[in-house]
K.L.:
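Following this message is one structure expressed as structure tokens.
All chains are named by letter (A, B, ...) in the order of the sequence lines, taking the proteins before the strands, and each is independently numbered beginning at 1. Keep in mind that what you see is a predicted model, and the values were worked out from it rather than measured.
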Amino acid sequence: MTDELSPVDIIAESAGPKAAAAVQPATNGEGEVFSPRLAGSQDIIITENVDKWFGDFQALDDVSLRIKEHEIVVILGPSGSGKSTYIRCLNRLEEHDAGRIVIDGIELNEDVRAMAAIRSEVGMVFQQFNLFPHISVLSNITLGPQKVRHMPKLEAEALAMQLLERVGIPEQADKFPAQLSGGQQQRVAIARALAMQPKIMLFDEPTSALDPEMIKEVLDVMQELAESGMTMIVVTHEMGFAREVADRLVFFDEGALVEQGTPEHFFTNPREERTKLFLSQIL
Amino acid sequence: MSELPPIPRPEQRPLPPAGGPRKIVLPPHRQRAGRPFRVKAREWISRNLFPSLGGTILTLISAGFLGIMVVGILWFVFFDANWNVITANRWLLFAGSFPREEAWRLWTSIAVVMFLIGLAYGTWSSLGRRDTLFIVLTGAFVIFLMAHGGATIWSSIWFLVAIGLLYLGYYLTVWMPRETSPRRVWHQRIVGGLLALSLPLVLVILMVAGGANTRQFDGFVLNLILAPVGIVGGLVVAIPLALGRASNMRTIKWTCTAYIEVVRGAPLLGWLFVALFILDDVIGGDLIIRTMVVLAVFTGAYMAEYIRGGLQALPRGQYEAAQAVGLNQLQAMQLIVLPQALRISIPPIVGQAIAIWKDTTLVTIILTLRELKGNADSAIAQSEFIPDRIEAYVFVAVVFWVVAFMMSRISQRVERAQGIGER
Ligand SMILES: Nc1ncnc2c1ncn2[C@@H]1O[C@H](COP(=O)(O)OP(=O)(O)OP(=O)(O)O)[C@@H](O)[C@H]1O
Ligand SMILES: [Mg+2]
């Protein structure tokens with residue numbers, strides 16, 4: 001790291017031609033910025049003024065965010081800023097206390113049926129993989145389709161094999177999760193989530209528990225998924241992924257959505273002091 | 001438990017092997033670490049027994065102790081002891097007042113149960129060389145005892161038949177393909193159902209058509225009947241209790257907690273007294289049945305706590321992943337949470353099973369008291385204290401309960417201080 005250049009400048013420089021060409025970002029008229037490839041897409045996730053309290057600690061503070069179908073959103077923010085809490089609210093692993101969350105036209109509330117519908121539309125990948133250790137890799141993947149979608153066993157297995165091909169580890173089908181490397185486990189977890197054929201995928205720091213040499217194999221799968229048109233919300237500290245793949249970056253701090261914009265915007269001229277501070281710390 | 005074996009990929013599903021050994025992929029926690037290399041005996045001895053001066057001294061002292069004990073025991077067994085007590089009273093020890101002419105009922109029951117155990121073994125597990133060795137050795141030992149005691153040729157034959165049936169059951173099921181298929185699921189269900197029916201079946205064999213009545217269940221036979229009831233019944237009671245205590249719904253949680261704390265608050269003997277005296281006055285019925293209920297209720301309370309431990313040991317991520325995959329509460333419990341929680345709590349549950357097995361001996365006290373009670377009821381019914389006997393028991397029970405409850409509270413305090421109780 002040199003003295004003359006701030007980390008942000010380095011990024012801007014390495015972004016090279018892409019940053020120079022500076023595609024004019026489109027807006028949706030509400031001040032939200034999204035990339036041109038999404039011009040025709042509908043909003044698939046709408047969160048309005050969402051609050052979340054843990055006891056008397058406010059974890060989310062008036063968060064409003066609209067996400068378009070096929071959009072890739074990367075959420076950044078310091079530890080404890082509410083990133084996990086936010087995406088966990090999106091599939092109701094946490095219940096929000098105020099505001100509205102509407103996903104693909106379904107409002108999240110006490111209604112159990114709405115919750116069941118959401119769970120099969122929204123897949124989630126956890127930092128700690130959370131594979132089911134007592135059943136085989138293949139059963140991990142077929143479980144949801146068989147039990148929730150009532151898919152016949154053979155069909156579910158064929159689907160699972162197809163997904164394992166897609167994430168690159170068909171040969172691991174008969175093993176148990178603990179017999180796989182971290183990167184392989186996380187790819188199984190992605191396959192497991194995809195088996196429910198969700199419209200939206202949530203990733204909560206999917207590579208943070210991985211050894212460096214395994215991070216790439218997981219990011220590659222995620223990138224392929226993004227290119228296939230999946231709507232994705234990714235909490236990550238992988239700035240390379242954010243810059244290459246994300247349509248939009250969103251910065252959280254102390255439970256509030258502080259700043260959002262294209263990767264170019266973030267890496268060249270972030271507006272808020274808190275964003276600048278954060279970026280300078282992690283880059 | 002519901003353990004899903006690995007499934008081969010669809011396009012490569014192997015044909016069921018025609019027999020012979022089959023490679024079974026065990027989940028990692030069941031795989032034994034292979035021995036990386038063989039250590040020479042001398043090396044092993046010098047490393048483990050004589051590592052240093054202090055170690056050598058300790059080894060010598062322990063060897064001395066062991067030697068004295070072994071010699072003492074052998075001396076007793078072969079020279080001092082008078083085993084005639086055992087051989088002369090074999091039947092009394094084994095079956096007590098069970099009518100001797102009906103012995104075939106006992107043998108048949110044992111044979112049936114052995115056969116079912118064989119079926120279960122073949123279905124869910126495999127008999128290793130050690131198991132076989134163990135069975136052969138115990139068999140040889142029992143036959144030796146019988147021969148030594150001049151047992152009838154028939155009992156030896158019955159015994160061999162029982163062991164033969166164990167292996168027959170085993171070989172009937174062990175060749176079946178292991179990967180999940182509708183056929184295997186049915187096979188498991190049938191064997192499971194037979195196992196569940198085995199106790200009623202045994203009771204039928206023992207009792208119908210001029211067999212024994214429950215008053216004649218006695219000796220070792222009684223323990224053999226009561227212990228499985230206590231263990232299986234306890235598990236059946238324990239699972240809903242544990243889930244209830246872990247539940248978010250206050251009333252359910254408090255009811256289950258109250259059950260567990262009250263039951264654990266008094267010793268088993270206390271509850272057996274309740275079965276003998278209080279339940280007799282309240283609901284009547286057969287004493288053995290009441291005893292079975294008490295055993296299940298008692299064991300259930302303890303096992304529930306062990307299962308709760310297993311539930312707590314399970315990472316929260318498992319619940320969340322189950323939810324995220326779309327499973328509902330019931331499915332998540334049945335498919336993800338319970339199989340893992342039960343596996344975690346197997347060691348203490350087995351401990352409790354062993355404890356209840358030994359504690360069934362306490363039932364004998366109750367049965368002796370039953371005779372006394374019968375006498376007392378008729379002879380000294382007018383004694384002024386008889387009407388107060390329940391009060392006396394209640395008083396003792398409360399004293400016991402208070403102490404035990406305090407112990408349980410303290411352990412909870414410790415648990416909480418270590419942050420184990422909450423997640
Ligand atoms: N179940 C809970 N009970 C109480 N407080 C909680 C709970 N979950 C989260 N919090 C608090 O809410 C805040 C936000 O947590 P969250 O996990 O969303 O942060 P995060 O941005 O994901 O952080 P990290 O980068 O460390 O994962 C933190 O201060 C955390 O302590
Ligand atoms: Mg987090």
K.L.:
With no hydrogens and no angle check, is any side-chain donor or acceptor of B/T255 less than 3.5 Å from a backbone partner on B/T251?
P.N.:
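Yes, the answer is positive, given that a donor and an acceptor are paired below the 3.5 Å cut-off.
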K.L.:
Check A/E69 with A/K199, please: is the shortest side-chain N to carboxylate O separation under 4.0 Å?
P.N.:
no
K.L.:
Side chain, backbone, both or neither: which part of A/I118 has a non-hydrogen atom closer than 4.5 Å to chain B?
P.N.:
neither
K.L.:
Taking A/E95 first and then A/K52, would you say they form a salt bridge - that is, a charged N and a carboxylate O separated by under 4.0 Å?
P.N.:
no
K.L.:
Using non-hydrogen atoms only, which part of B/Q331 is less than 4.5 Å away from chain A: side chain, backbone, both, or neither?
P.N.:
side chain
K.L.:
Checking side-chain contact (heavy atoms from CB on, under 4.5 Å) for the pair A/V167/A/V188: CA distance, chi angles, key distance, verdict?
P.N.:
CA-CA 7 Å; A/V167 301; A/V188 172; 5.9 Å; no
K.L.:
Identify the two heavy atoms, one from B/S198 and one from B/L116, that lie closest to each other, and give their separation to 0.1 Å.
P.N.:
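Looks like CB-CD1, 3.4 Å.
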K.L.:
Which atoms of A/F132 come close to chain B, meaning under 4.5 Å heavy atom to heavy atom: side chain ones, backbone ones, both, or neither?
P.N.:
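Both backbone and side chain.
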K.L.:
Does the pair A/R66/A/E71 count as a salt bridge with the N-to-O cut at 4.0 Å?
P.N.:
no
K.L.:
Which region of A/R88, side chain (C-beta onward) or backbone (N, CA, C, O), has a non-hydrogen atom less than 4.5 Å from a non-hydrogen atom of chain B, or is it both or neither?
P.N.:
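Just its side chain gets close to chain B.
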K.L.:
Report which part of A/V122 has an atom under 4.5 Å of a heavy atom belonging to chain B: side chain, backbone, both, or neither.
P.N.:
backbone
K.L.:
When heavy-atom pairs shorter than 4.5 Å are enumerated against chain B, which of A/Q128, A/M124, A/R149, A/R192 gives the highest number?
P.N.:
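Top option by heavy-atom pairs under 4.5 Å: A/R192.
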K.L.:
Does any backbone or side-chain atom of A/E94 lie under 4.5 Å from a heavy atom of chain B? Answer side chain, backbone, both or neither.
P.N.:
side chain
